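For clarity, every value in this text was computed on a predicted model and none was experimentally measured. Numbers restart at 1 for each chain; the letters A, B, ... are given by sequence-line order, proteins then strands.
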Amino acid sequence: MSDLLANLNAEQLAAVTLPDEPALILAGAGSGKTRVLTTRIAWLIQNGRVSPAGVLAVTFTNKASKEMQTRLSSMLPINTRGMWIGTFHGLCNRMLRAHFRDAGLPQTFAILDTQDQLSALKRLMKALNVDDEKYPAKNLQYFINNAKEQGLRPADVEANDDFNRRFVDLYAAYDQQCQREGVVDFAELLLRCYELLRYNDAIRQHYQHRFRHVLVDEFQDTNVLQYQWLKLLAGYGTQNPAAVFAVGDDDQSIYAFRGANVGNMRDFEEEFRVRRLIKLEQNYRSHGHILDSANHLISHNARRLGKNLRTDAGHGEPVRVFQAGTDGQEAGWMVEEIRDQIAQGMSRAEIAILYRSNAQSRVIEHALFSAGIAYRVYGGLRFFERAEIKHALAYLQLLENPRNDAAFGRVVNFPARGIGARSLEQLQDAARQYNCSLAEAVAYVPGAAGSKLAAFVRLIEQMRAETRRMTLAETVEHVTNASGLITHYRGEKEGQDRIENLQELVTAAQAFVVEEGYGLEALASVIPVGFESRAAQATPLPAEGDQVQQVLDPEALPVVMTPLVAFLTHASLEAGDNQAQAGQDAVQMMTVHAAKGLEFNVVFITGLEEGLFPHENSKTDTDGLEEERRLMYVAITRARERLYLSFAQSRVLHGQMRYHVRSRFFEELPEEALKWLTPQQSSYGGVRREERDNAWGRDWFRKPEDVPYSGNKPTGGMDTGNGYADAKRESGTGFRVGQQVFHNKFGEGVIKALEGDGADARAQINFKRHGAKWLALAVAKLDPIN
DNA sequence: GTTAGTATTGTTTTT
DNA sequence: CAATACTAAC
């Protein structure tokens, strides 16, 4: 109980037990930031300074918010579910659902992700006959989001020239389109919520009265709008403002490209008259050399609040630096090092490979895969972003809201129903003419096209009727079938994976109902002002498949979020990390951005080359460069015991061979902390070249099923078409020494030796034209001759 | 209206 | 190299 504070150092203790007033905590990497934040909440509650309902804690990522909830419930015997702990977007969504009428939104508004937003803009521009050459949709998207992040509506944006004026007009038209269709984009979620609080006195006062403690994680990454939102919520400038507890690290601000404004930290300090500024500078994570490197590097940034991390741990091992000839060699070297580490008992999950951009993961994946080392890739294409999943979700959206034109357009002809571009054009014209949704405009389209469209609308209506009494999972399953999606993919050669993903969606729906209590926590907090205490108590976990209406009395409690809407919201707000096999012990691969907040025993930072890291587009201005340096700082401080830095002299980028010099960051690290692993200057020998040569091969992700593998499911299917061939190949019976084989790239050759088995099987082949090579049989496409 | 095949273009990081 | 846009043939 009272040992909440037991293991805190002096700085942390001071932060946790601060009085109820604005406070800024400058928390260095690995200084126990999350711990301070959660302990603070627990301490406040335990000492009766605030009730769980009076706390609002906001983070940036879903991961962080989940972590906070987990830790909190391990400290206190309370249900964190009903608490207002979440991401900015998640909390805004909650509030908007609760007050949808006041916010001017339909009850079932859908959320557009970045892709959806872009296609909505393209659709709009097409309808308005805007030249995409002159006004690229992508630029418009950036323009709009940027404006929204500053809290600016079209009327507030100053247009200095014709070009900007056009953008402003399009911004206005886009907002109207969204409103008509009942959808909001990410930025709108925040802006709309901000406006709700700002212009609705009763609601604002309610929340200001309710939240006595507002805690913010990663404060350095807040944008202008988020800060304004916080100020409103915390009752800045009122008689009795909430105590804002902001935790941040200016050195870890890496989201400027997304509108993050480090200046918020300074503004906060001034505007809230912060008297309590605590620096957490004791690092509990990294060994000395690693920390020295981080400190040394970041000291090259001019604009800093100033902070230096220290550790009690010894120097530890030096930072190892490796220069490779090619990206393939870099990957090959990592494989060897990882093998060593694993052999010495290091858990795979404690090894992380970091890179600047997602594209770099391919070569590394290939090397790990050939070596049979289990790995997991974060980021990339996430579950809810897959095309087949988005199609299924679009059907589900239409069940809730037929006016959602984006969803309508997405699936009206998928699977193909003979509704082509021309018919759609007619439909869009009609919709514009009668100022209605696409679904409503169907009635105005004559002829064959009209009847096909009408059939589609009937299909949706029929599905809606059929699923009315179904559980969420049943609904999802029914829709994947009745829509014809499953049938369609069954006929496709690479459709098996997609079908499996659709089945996975049913499972996900099931899991959502069980684990999330149906989004009950969202429901509980979604109850309009005045009802929340009742709702918070009414959180018995529903039995599997129970309809929420059966758990909560619909008469007494205005249920605003149906399970389906909750699920769809969940899908857009949490793109669903591809954690298919999260529990498995696998090497972790991710971008540096994705690594923020995580830590590992062993860390590889790869591709440290000018143009890559620092990235080409950021090299020109100092702000960009400083952000890259902060990014590097974040990367370094992920490591606990061992850190590797590597770069390659040449690598294949955008399908072309590029030659790079090593990153300037090497010049900014303390020499005495580094240990150069002198690479063999190998233009020929050294690491096996075919690893690189095969890296981009079409058959790249062919794999036997039993290989430990937990990366992204490749979208291309290999299970159906060539599963048999692979099985034969891997069994070893397919090849013998002396066998003549043919390879797509290397031509004819003779097998000189065989080695290993299963996924590890390799063959040494003497090619007529390319000489002797070792090829992994699981990867290389070899056909026996004769 | 659909499909398959070809030309083009754009490639950082993400809630 | 990949995703997307466009074009020509079915």
Side-chain angles (χ1 to χ4, degrees), chain A residues 58-65 86-93 111-115 117-119 122 126 132-133 136-138 142 145 148-149 184-190 217-218 221-223 225-226 253-260 354-363 378-382 384-385 387 413-426 448-449 452 492 569 572-577 590-596 607 611-619 624 627-628 630-632 634-635 651-658 695-698 700 715-716:
Chain A
V58 59
T59 62
F60 269 87
T61 64
N62 297 301
K63 201 164 39 179
S65 104
T87 63
F88 279 99
H89 294 86
L91 296 179
C92 286
N93 172 59
I111 299 167
L112 301 181
D113 67 18
T114 315
Q115 286 173 38
Q117 186 189 28
L118 188 63
S119 43
K122 282 185 177 161
K126 208 169 183 182
D132 191 82
E133 297 271 299
K138 271 225 167 105
Y142 177 81
N145 289 337
K148 287 189 178 182
E149 277 155 12
V184 299
D185 57 51
F186 280 143
E188 181 73 22
L189 225 36
L190 296 170
D217 191 16
E218 309 277 17
D221 283 331
T222 49
N223 61 33
L225 178 57
Q226 284 161 338
S253 167
I254 55 174
Y255 285 107
F257 71 93
R258 189 174 87 179
L354 310 184
Y355 34 80
R356 176 67 236 269
S357 61
N358 280 308
Q360 287 167 254
S361 72
R362 295 298 179 77
V363 182
Y378 287 76
L381 188 62
R382 285 177 291 197
F384 287 116
E385 289 169 357
N413 196 34
F414 194 96
R417 297 188 176 87
I419 302 169
R422 180 144 265 140
S423 309
L424 266 181
E425 216 166 282
Q426 274 181 279
K452 281 176 188 165
E492 249 190 11
T569 302
S572 12
L573 244 33
E574 304 185 34
D577 39 351
M590 65 196 84
T591 64
V592 180
H593 282 91
K596 188 155 86 148
L612 238 197
F613 199 0
H615 194 271
E616 192 64 45
N617 303 2
S618 308
K619 271 165 53 177
E627 176 140 322
E628 294 289 307
R630 290 193 293 270
L631 205 45
M632 180 66 184
V634 167
R651 79 171 56 235
V652 180
L653 227 53
H654 317 146
Q656 262 186 330
M657 182 72 90
R658 295 295 177 86
W696 298 103
R698 166 94 350 122
W700 169 90
T715 38

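Judged purely by distance below 3.5 Å, without hydrogens or angles, the side chains of Gln117(A) and Asp185(A) pair a donor atom with an acceptor atom. Inspection of the Gln360(A) and Ser357(A) side chains reveals an N or O donor paired with an N or O acceptor under 3.5 Å.
Phosphate contact (OP1/OP2 of dA2(C), side-chain N/O of Arg362(A), threshold under 4.0 Å): present.
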Pairs: protein N or O with nucleotides 4-10 of chain C N or O, under 3.5 Å:
none

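Between Arg258(A) and Phe186(A), every side-chain heavy-atom pair lies at or beyond the 4.5 Å cut-off.
In this structure, Phe257(A) places its CZ atom where more than 12 heavy-atom neighbours from other residues, nucleotides or ligands lie under 6.0 Å away.
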(Q) Using a 4.0 Å heavy-atom cut-off to protein, can you give one letter per nucleotide of nucleotides 8-15 of chain B, 5' to 3': B if the base is in contact, S if only the sugar-phosphate is, - if neither? (A) ---BBBBB
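Nucleic acid contact class of Asn145(A) (heavy atoms, under 4.0 Å, all strands): none.
Using modelled atom types, one side-chain atom of Glu627(A) and one backbone atom of Ala256(A) make a donor-acceptor pair closer than 3.5 Å.
A salt bridge is absent between Arg422(A) and Glu425(A): the closest approach of a Lys/Arg side-chain nitrogen to an acidic carboxylate oxygen does not fall below 4.0 angstrom. Glu628(A) and Lys619(A) are not joined by a salt bridge, as no carboxylate oxygen comes within less than 4.0 angstrom of a charged side-chain nitrogen.
Taking the six-membered ring where tryptophan is involved, the planes of His593(A) and Tyr255(A) are tilted, since the angle between them lies from 30° to 60°.
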